[in-house]
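Reading through the structure tokens given below for one structure.
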Amino acid sequence: KAGVTQTPRYLIKTRGQQVTLSCSPISGHRSVSWYQQTPGQGLQFLFEYFSETQRNKGNFPGRFSGRQFSNSRSEMNVSTLELGDSALYLCASSLHFGTYEQYFGPGTRLTVT
Amino acid sequence: AQSVAQPEDQVNVAEGNPLTVKCTYSVSGNPYLFWYVQYPNRGLQFLLKYITGDNLVKGSYGFEAEFNKSQTSFHLKKPSALVSDSALYFCAVRDSNTGTASKLTFGTGTRLQVTL
């Protein structure tokens, strides 16, 4: 079974631009979560989706948004990029939420200049 | 609010020796506990989880973890460390008390360095 895939793997953007990251979960998984990983803040939860509904949201500004499609694929968007948005963005999928373990993709490395 | 603490930034151990990576948690209800490992330039890999039942949980690559409710701890252990175990280890918790609104909270990570 194929793992979680994220595209693109690397991205360089300029301050003020917007970016869209994509995540394809493991086949059959209906829950997708997004995390931001930085050396200073560690792993921070962004959002969790299940069956196209946002189940939970972390403490990030409204510039960060996401959605999930009917095939469970998910996208996250960051508008008006800031230098501090430079990070590794990780997507994780699971069969369901709650007790189920999450399986992570390799991440998208976003650099904002 | 739920939280996870990994008190050691780094743990150093010689190959062949036992290793322990510490984790303590705080939740209002019963915890769902997880350990993940991250190798350089990779995403996180699931190692093991505790949901309910036996306090000793066995996982991938010979790792195990012991759930201790009174000490609110979930330490990761391995009887004999390998150099290839060197990586960043994350403990995570989800609170069973908050239903569908609960999120997975990660600790800050512990870097395990295994030397020959």
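This structure is a prediction, so every number in the text was calculated from the model and none was measured. Residue numbers start from 1 in every chain, and the chains themselves are labelled A, B, ... in the order their sequence lines are given, proteins ahead of strands.
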Query raised in the report: Ring centroid separation for F106(B) and Y35(A), is it under 6.0 angstrom?
Result: yes
Query raised in the report: Going hydrophobic residue to hydrophobic residue with side-chain gaps under 4.5 angstrom, can you get from L110(A) over to W34(A)?
Result: yes
Query - N71(A) atom CG: more than 12 heavy-atom contacts under 6.0 Å - result: yes
Query raised in the report: Is the count of non-hydrogen atoms from other residues, nucleotides or ligands lying under 6.0 Å from I12(A) atom CD1 greater than 12?
Result: no
Query raised in the report: Going by heavy atoms in the side chains, are F90(B) and L43(A) under 4.5 Å from each other?
Result: yes
Query raised in the report: Should we count CZ of R111(B) as having more than 12 external heavy atoms under 6.0 Å?
Result: no
Query - Residue selection (most heavy-atom pairs with chain A, distance under 4.5 Å) from R42(B), Q45(B), Q38(B) - result: Q38(B)
Query raised in the report: Using non-hydrogen atoms only, which part of Q102(A) is less than 4.5 Å away from chain B: side chain, backbone, both, or neither?
Result: both
Query raised in the report: Rounded to the nearest 0.5 Å, what separation is found between the OH atom of Y100(A) and the CD1 atom of I51(B)?
Result: 10.0 Å
Query - Heavy-atom neighbours of R63(A) CZ exceed 12 at 6.0 Å - result: yes
Query raised in the report: Is the shortest distance from a Lys or Arg side-chain nitrogen in R94(B) or E48(A) to a carboxylate oxygen in the other one below 4.0 Å?
Result: yes
Query - Spacing of E101(A) atom CD and L44(B) atom CG [to the nearest 0.5 Å] - result: 13.5 Å
Query raised in the report: Between G107(A), G42(A), P106(A), which residue shows the highest count of heavy-atom pairs closer than 4.5 Å to chain B?
Result: P106(A)
Requested in this report: Answer yes or no: are there more than 12 heavy-atom neighbours, outside Y61(B) itself, under 6.0 Å from its atom OH?
Outcome: no
Query raised in the report: Within a reach of under 6.0 Å around NZ of K57(A), are more than 12 heavy atoms found that belong to other residues, nucleotides or ligands?
Result: yes
Query raised in the report: Would a 4.5 Å heavy-atom cut-off, applied to side chains only, mark F46(B) and F104(A) as touching?
Result: no
